[in-house]
Amino acid sequence: MRANIFIVSLFMALLGCSPNTVENSGTDAKTNEFAIIIHGGAGTILKKNMTPEKEAEYKAKLEEAIKVGYDILENGGTSGDAVIKTIQVMEKSPLFNAGKGAVFTNAGTNELDASFMDGKTLNAGAIAGVKDVKSPIEAARMVMTDSEHVMLSGEGASTFAKEKGLEIVDPSYFFTERRFKSLERIRDREKTELDHDDKKAMFYDSDIKNSKYGTVGCVALDKDGNISAGTSTGGMTNKRWGRIGDAPIIGSGTYANNKTCGVSSTGWGEYFIRSQVAYDISAQMEYSNKSLKEATTDVIQNKLTKLGGTGGVVALDKNGNMSFEFNTAGMYRASMDDKGNLVVKIYKE
Ligand code: ASP
């Protein structure tokens, strides 16, 4: 079988497969018995704006995070645990827009969203607009395992987390100077004479043209063939009116189905909601028999791009094929296959 995989890989390489995919085969043969793939946000991430130190810092954190999940999978643990523990490393890091380091709302607060899905049972959990739960991804999974609901929001979600014994922190825990400065920059620009459309553009501009999204996500396949996916974020800088993005929405920010694939998204959330990005990838595989690569390419490069949306996904199918797909300049990302091969990348190359 290994020889077959090798021949298929060689064939795909000769066909010139996209550099953004680590997918090896479109066949039903298992490429990897277990595997894990993560992102730390997509956006205008350009080498010229990065110092070598910053770049090394991001890469080291991505590597640290993915190895936590990889160890769980290698030792026969579940994809669910791998996803949660991996995301928690990134939630604790101020580098990413999730947990500590989350972006600020227009009111100067941090409001966190997260979701989790289990591909075996199609069960899911999510929280939105939460201000004091230390690990939003853990709370999201607990909504799935410990309540009869799928999504809880605001104070109710905090009360639920508290009752279930999850760690509650003072909102100042999420503060970082860097993210607060981003908010101040946007507020300053808001004071200038702008018409309505300019202001609308600027709300997104903060993250699209000058920055990056920074949301974190993970998809894993375990040795039992179960896929799990999770996404955690602070949303978009300067958001207001209780705005909720795609990250906590099952089918947009996160989706997992053992029959097809698991997906975690990052990008301009409004477009990901309208496009149902994560579910569309799974649906294209289920109903049109597309490979993971074909489905992710169509949804991100064709459909999302045509609508004007920006961002990307990490995805992994039931056979352990993996795909990074994005239409921005970069996406913090990493993958590990069952042989322990590690890929860590930031830019398009
Ligand atoms: N998708 C997130 C949102 O719109 C932002 C991100 O990916 O960083 O809330």
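Counting starts at 1 for both ligands and their atoms, in listed order.
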Mind running side chain to side chain donor-acceptor pair (under 3.5 Å) on N226 and S79 for me, showing each step along the way?
CA-CA 6 Å; N226 293 319; S79 55; 6.0 Å; no

For a 4.5 angstrom cut-off between non-hydrogen side-chain atoms, does Q301 reach N327?
yes

Polar contact flag for T215 and ligand 1 (N/O pairs, less than 3.5 Å)
yes

What pair of heavy atoms forms the shortest contact from M236 to G269, and how long is it?
SD-N, 4.2 Å

Counting both backbone and side chain atoms, is some N or O of E270 under 3.5 Å from an N or O of ligand 1?
no

Check ligand 1 against D246 and write out every atom of the ligand that is under 4.0 Å from a heavy-atom position of the residue.
1 (N), 2 (C), 3 (C), 4 (O)

Just grab all the ring-ring contact (aromatic ring centres under 6.0 Å, His included) pairs involving residues 62-92, residues at least two apart or on different chains.
F34-Y70

In ligand 1, the atoms that come under 4.0 Å of a heavy atom of G269 are 4 (O)

Polar atom proximity, W268 to ligand 1 (N or O, under 3.5 Å)
no

Give a yes/no verdict on whether any heavy atom in A247 is under 4.0 Å from an atom of ligand 1.
no

Are any of the heavy atoms in K239 under 4.0 Å away from ligand 1?
no

E55 and K47 ion-paired at < 4.0 Å
yes

Ring centroid separation for F175 and F104, is it under 6.0 angstrom?
yes

I'd like to know if E64 pairs up with K61 as an ion pair, taking the criterion as any Lys NZ or Arg NE/NH1/NH2 lying under 4.0 Å from an Asp or Glu carboxylate oxygen.
yes

Could you check if a side-chain atom of V133 sits within less than 4.5 angstrom of a side-chain atom of I168, using non-hydrogen atoms only?
yes

Find all atoms of ligand 1 within a distance of less than 4.0 Å from any non-hydrogen atom belonging to G235, and give their numbers and elements.
5 (C), 9 (O)

If you measure every N/O of G267 against every N/O of ligand 1, is any gap under 3.5 Å?
yes

Just which atoms of ligand 1 are under 4.0 Å from any heavy atom in T266?
6 (C), 7 (O), 8 (O)

If we set the cut-off at 4.0 Å for heavy atoms, which region of R243 has an atom near ligand 1: side chain, backbone, both, or neither?
side chain

